[in-house]
Amino acid sequence: MPELPEVETIARNLCLGTQQQPSLVGRHILGANLLWGRTLVEPSPVEFSQRIEGQVIEAIDRRGKFLYFQLTCDWLLFHLRMSGDLVVQRLDSPQKTHDRLVLPLEGELELVFNDARKFGRVWLVEEVDRVVGHLGPEPLDESLTPAIFFTKLQSTRRQLKPLLLDQPFLAGLGNIYADEALNLAKLHPLIISNTLAEAQAASLLQSIRTVLRDGIARNGASIDWVYRGGDFQNYFRVYQRTGKPCQECGTLIARIIVGQRGTHFCPQCQPPLSSMEVSHG
DNA sequence: CACGAGACCTGTTCGC
DNA sequence: TGCGAACAGGTCTCGT
């Protein structure tokens, strides 16, 4: 489900609190109730319960699509994959159908990991890089300069769409924001990365940042039966707009399969060749 | 190295 | 109405 803006929104809400729920920072974790075994990658369920009990939540943040809780001694990490969600509720609230892990907390609260499709995963580790060390740069981190991004695009020969989804290449983009960024940059999803000119690479990086910032500003997107309170889904340019007119040129949005993922683009605004080749052809 | 297929899962929507 | 197929915000592994 969630991509960078949705995970960022969840992390902020857990860290800062909302109108409906208090901040979790500074609270003791009182135990653990694992309801679906495969949710927990490591350690064993018994060791997980023993180690996490009594630790304090010191900080909550995000790296790529991973949510992490910095605890007294360990790092608690969640990956929500397609359908995972983290909710705070009153202690001993009625269990819901897809609850996978419940952590009772100080203050009559509990943190619940709910995940219909069971793809989501949880880790408790001493060294955080064991889980997130393989990730590429954060797209919103200014230390990722246009020059560095251009060099990275030059270093491989892959289609842009699958490359943007590759977390070791760049951390945080998923199917929605990859399609939105390519449309904003006016680049066809099948363009080979090392054929981009430096200006096009800079435009792509700028577009990625624009769609991610817009997504965060709107608290992420809420689609299908999963509602998170965000409304970025009302501002999609191409995603899930197959057959509807492009807002720039009126051409009907097309949908193709790339790397087994539905891929949405405007055939007019995003020509299959890079714009340099088109302009000279 | 790069790509495609299959696996992991459940739920909703679409087409006949 | 019913039923199977297609589809879903993700990632891993394996074969070519």
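Naming convention: chains lettered A, B, ... in sequence-line order (proteins, then strands); numbering from 1 in each chain.
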Runs of at least three consecutive pairs that involve DNA chain C, where pairs are Watson-Crick or G-U with distances under 3.5 Å: B:2-8 with C:10-16, B:10-16 with C:2-8
Per His134(A) side chain, nearest of listed nucleotides dC12(C), dG10(C), dA8(C): dC12(C)
Nearest-Å distance for atom pair CG/P, residues Leu190(A) and dA2(B): 16 Å
His98(A) and Asn114(A): side chain donor to acceptor below 3.5 Å: no
List the atom pairs, donor and acceptor, that lie under 3.5 Å between side-chain atoms in residues 211-220 of chain A and the rest of the protein, sequence neighbours left out.
{"from": "Arg213(A)", "atom 1": "NH2", "to": "Glu142(A)", "atom 2": "OE2", "distance (Å)": "3.4"}
{"from": "Arg218(A)", "atom 1": "NH1", "to": "Tyr235(A)", "atom 2": "OH", "distance (Å)": "3.4"}

Ile192(A) CD1 - dA2(B) P separation (whole Å): 10 Å
Nearest-Å distance for atom pair CG/C1', residues Leu173(A) and dG10(C): 13 Å
Worked check of side-chain contact (heavy atoms from CB on, under 4.5 Å) between Ile223(A) and Ile176(A): CA-CA 11 Å; Ile223(A) 63 176; Ile176(A) 294 177; 4.3 Å; yes
N-O pairing of Arg130(A) and Glu42(A) below 4.0 Å: yes
Along DNA chain C (nearest heavy atom to each residue), the more 5'-positioned of Ile257(A) and Arg261(A): Ile257(A)
Rounded distance (Å) that lies between atom C1' of dG9(C) and atom CZ of Arg255(A): 14 Å
Inter-nucleotide P distance (dC14(B), dG9(C)), Å rounded: 15 Å
Distance between P atoms of dA8(C) and dA5(B) (Å, rounded): 16 Å
Asn194(A) CG to dC1(B) C1', straight-line distance once rounded to whole Å: 13 Å
Pairwise P distance for dC12(C) and dG11(B), with rounding to whole Å: 24 Å
Distance test, side-chain N/O of Gln167(A) to OP1/OP2 of dG10(C), below 4.0 Å: no
Ion pair Asp115(A)/Arg81(A), N-O distance below 4.0 Å: no
Salt bridge Asp179(A)-Lys161(A), side-chain N to carboxylate O under 4.0 Å: yes
Out of dA2(B), dG9(C), dG11(B), whichever nucleotide has its closest atom nearest the side chain of Arg157(A): dA2(B)
Electrostatic pair Arg63(A)-Glu138(A), nearest N-O below 4.0 angstrom: yes
Separation of the P atoms in dC9(B) and dG4(C), to the nearest angstrom: 22 Å
Can you give each donor-acceptor pair under 3.5 Å made by side-chain atoms of residues 243-257 of chain A, sequence neighbours left out, with the distance rounded to 0.1 Å?
none

Leu164(A) CG to dT11(C) C1', straight-line distance once rounded to whole Å: 16 Å
Phe66(A) CZ - dG9(C) P separation (whole Å): 18 Å
Sugar-phosphate only, base, or nothing, as touched by Arg100(A) at under 4.0 Å among non-hydrogen atoms: nothing
Output a table of donor-acceptor pairs, distance under 3.5 Å, between side-chain atoms of residues 9-19 of chain A and any protein atom two or more places apart or on a different chain; print 'none' if there are none.
{"from": "Thr9(A)", "atom 1": "OG1", "to": "Pro5(A)", "atom 2": "O", "distance (Å)": "2.7"}
{"from": "Arg12(A)", "atom 1": "NE", "to": "Glu8(A)", "atom 2": "OE2", "distance (Å)": "3.1"}
{"from": "Arg12(A)", "atom 1": "NH2", "to": "Glu8(A)", "atom 2": "OE2", "distance (Å)": "3.3"}
{"from": "Asn13(A)", "atom 1": "ND2", "to": "Thr9(A)", "atom 2": "O", "distance (Å)": "3.4"}
{"from": "Thr18(A)", "atom 1": "OG1", "to": "Gln20(A)", "atom 2": "N", "distance (Å)": "3.1"}
{"from": "Thr18(A)", "atom 1": "OG1", "to": "Gln21(A)", "atom 2": "N", "distance (Å)": "3.1"}

Presence of His79(A) side-chain N/O under 4.0 Å of dT11(C) phosphate oxygens OP1/OP2: yes
Summary of protein contacts for nucleotides 4-9 of chain B, nucleotide by nucleotide, where a base hit scores B, a sugar-phosphate-only hit scores S (4.0 Å, heavy atoms): -BB-BB
Under the side chain to side chain contact (heavy atoms under 4.5 Å, CB included) test, residues paired with Pro168(A) that sit two or more places apart: His134(A), Asp166(A)
Value in whole Å for how far the P atom of dC12(C) lies from CE of Met82(A): 14 Å
Distance below 4.0 Å between Lys65(A) side-chain N/O and dG10(C) OP1 or OP2: yes
